[in-house]
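One structure is given here, and the rest of the page talks about it.
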Amino acid sequence: MSRLQFLLSKRWALFFLAVTLLSWLAWELGQWQFDRLEDRRDRNAQIQRNEELDPVPVQEVLSVGRPVDKALEWRLVEASGTYAVEDTVVVRYRTRDGGPGVDAVVPLVLDDGTSLVVDRGWWPTQNRGEVPEDLPDPPTGEVTITGWVRIDATGDAAQVTEQRTRAISSEEIGEALDREVLSGFVDLATEDPEAAEPLERVDLPDLDDGPHFFYGLQWWFFGGLAVFGFFYLLFDEWRDRRAASQAAEHAAVDREHDSTEV
């Protein structure tokens, strides 16, 4: 045991504390990634269930002043009305395949006078943040659409200034346009009739597991490596101390033997 007394030194105590903290942190970060993996799998299952359902009237899912139920996001809905082209809101800083562009959000005025916020799709621009003057118009007259239900964005990015924004919030858009709108919005899937020049439709979310599983394993590996490194260095120092102690004992024996011979 005397050869392990070095563990009581300040240096080894601090080393042990640092390894303990690093291992705990690596464990927590790994567990966080696995929790995110479970959340993603639950989200994917929900999206897949909703995508496979037939479209329902939008009023069965969305209403004025009631936040969208998370379980209903990506539910396919249908609605009929007339686009209020003059109230188009441009969503800036949207990219596709690395190229800059914008999304065109247009209120669809329903028969009861309320409006549904519709993200009609993406249009390329020359520069990031540019507001193009040549956005294609939606179809005129009565239009029937289907679209995917989305939950409103929050935060400063959702603020609307001069009919421009960086994220879509029906609440912010309704206030900016002075319109009564249904909570949430929809990503356009189909229009009938089709526009003369349609925009690029939104991409549905990927339903893979993402990188979370491997990230979790990496964090746990780092934690295990820290523990292994601690015990390896402990063993290495113990071995060096033992070798030095044995050498000292041999030297003492040799000196005693030499003195006896004299």
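Atoms considered below: every heavy atom in the structure, side chains included; atoms not considered: hydrogens, waters and symmetry mates.
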Stepwise side chain to side chain contact (heavy atoms under 4.5 Å, CB included) test for Ile168 and Ile173: CA-CA 8 Å; Ile168 304 173; Ile173 289 174; 4.1 Å; yes
Side chain to side chain contact (heavy atoms under 4.5 Å, CB included) assessment of Asp35 paired with Gln31: CA-CA 6 Å; Asp35 289 342; Gln31 188 60 54; 3.2 Å; yes
Polar side chain donor-acceptor pair, Gln48 to Asn44, under 3.5 angstrom: no
Evaluation steps, side chain to side chain contact (heavy atoms under 4.5 Å, CB included), between Arg43 and Gln46: CA-CA 5 Å; Arg43 167 183 168 272; Gln46 170 195 313; 5.6 Å; no
Hphob cluster co-occupancy, Val143 + Leu116, side-chain heavy atoms under 4.5 angstrom: yes
Between Ser170 and Ser183: side-chain donor-acceptor atoms closer than 3.5 Å: no
Donor-acceptor contact below 3.5 Å, side chain Glu191 vs main chain Thr146: no
Common cluster, Leu72/Val181, ILVMFWY with side-chain heavy-atom separation under 4.5 Å: no
Atom pair CZ (Arg150) and CG (Leu62), whose distance is rounded to the nearest 0.5 Å: 12.5 Å
Between CG on residue Asp42 and CD1 on residue Ile47, distance to nearest 0.5 Å: 11.0 Å
Nearest-0.5 Å distance that lies between atom CG in Leu177 and atom CD in Gln163: 5.5 Å
Donor-acceptor pair, side chain of Glu197 and main chain of Pro136, under 3.5 angstrom: no
Note, Thr165 side chain near Arg92 side chain (heavy atom, < 4.5 Å): no
Side-chain heavy atoms of Asp103 within contact of Trp122, under 4.5 Å: yes
Non-hydrogen side-chain atoms of Pro138 and Val85 separated by less than 4.5 Å: yes
For Asp134, side chain to side chain contact (heavy atoms under 4.5 Å, CB included) partners two or more places apart: Trp123, Pro132
Over 12 non-hydrogen atoms of neighbours within 6.0 angstrom of CD in Gln126: no
Student check: side-chain heavy atoms of Glu142 and Thr82 closer than 4.5 Å: yes
Salt-bridge criterion met for Glu194 and Arg120 (N-O under 4.0 Å): no
Expected list for residues 16-24: side-chain donor-acceptor pairs under 3.5 angstrom, two or more places apart:
{"residue": "Thr20", "atom": "OG1", "partner": "Phe16", "partner atom": "O", "Å": "2.8"}
{"residue": "Ser23", "atom": "OG", "partner": "Val19", "partner atom": "O", "Å": "2.8"}

Between CG on residue Asp209 and CD on residue Glu38, distance to nearest 0.5 Å: 9.0 Å
Side chain to side chain, Leu76 and Leu53, heavy atoms closer than 4.5 Å: no
Check: Trp148 and Asp187 side chains under 4.5 Å, non-hydrogen atoms: yes
Shortest non-hydrogen separation from Ser169 to Ala153 and the atoms involved: CB-O, 3.5 Å
Aromatic ring pairing Tyr232/Phe228, orientation class (parallel under 30°, perpendicular over 60°, tilted between): parallel
Verdict with supporting geometry, Trp220 and Phe34, ring-ring contact (aromatic ring centres under 6.0 Å, His included): CA-CA 11 Å; Trp220 284 358; Phe34 284 114; 4.8 Å; yes
Rounded distance (nearest 0.5 Å) linking atom CG of Asp54 with atom CD of Glu78: 9.5 Å
Beyond-backbone contact of Leu217 with Gln33, side-chain heavy atoms, under 4.5 angstrom: no
Path from Val106 to Val89 over hydrophobic side-chain contacts below 4.5 Å: no
Polar side-chain atom of Glu73 near backbone of Ile151 as donor-acceptor pair, under 3.5 Å: yes
Derivation of the side-chain hydrogen bond (donor to acceptor under 3.5 Å, both in side chains) call for Arg164 and Thr161: CA-CA 5 Å; Arg164 304 174 185 178; Thr161 304; over 6 Å; no
Residue pair Thr95 / Pro100: nearest heavy atoms and the distance that separates them: CG2-CA, 4.4 Å
Heavy-atom closest pair, residues Ala195 and Asp137: CB-O, 3.8 Å
Min side-chain heavy-atom separation Arg41-Arg36 under 4.5 Å: no
Residues, nucleotides or ligands: over 12 heavy atoms within 6.0 Å of Trp219 CH2: no
Salt-bridge contact Glu86-Arg179 (side-chain N to carboxylate O under 4.0 Å): yes
hydrophobic_cluster_shared for Phe222 and Phe214, side chain cutoff 4.5 Å: no
Val186: which of Val61, Val202, Ile145, Leu108 passes side-chain contact (heavy atoms from CB on, under 4.5 Å): Ile145
Flag, side chain of Asp119 to backbone of Gly121, donor-acceptor distance under 3.5 Å: yes
Gap separating the CG atom of Asp112 from the OG1 atom of Thr114, nearest 0.5 angstrom: 3.5 Å
Heavy-atom closest contact (Leu188 atom, Arg201 atom, distance): O-CD, 3.4 Å
hydrophobic_cluster_shared for Leu135 and Val91, side chain cutoff 4.5 Å: no
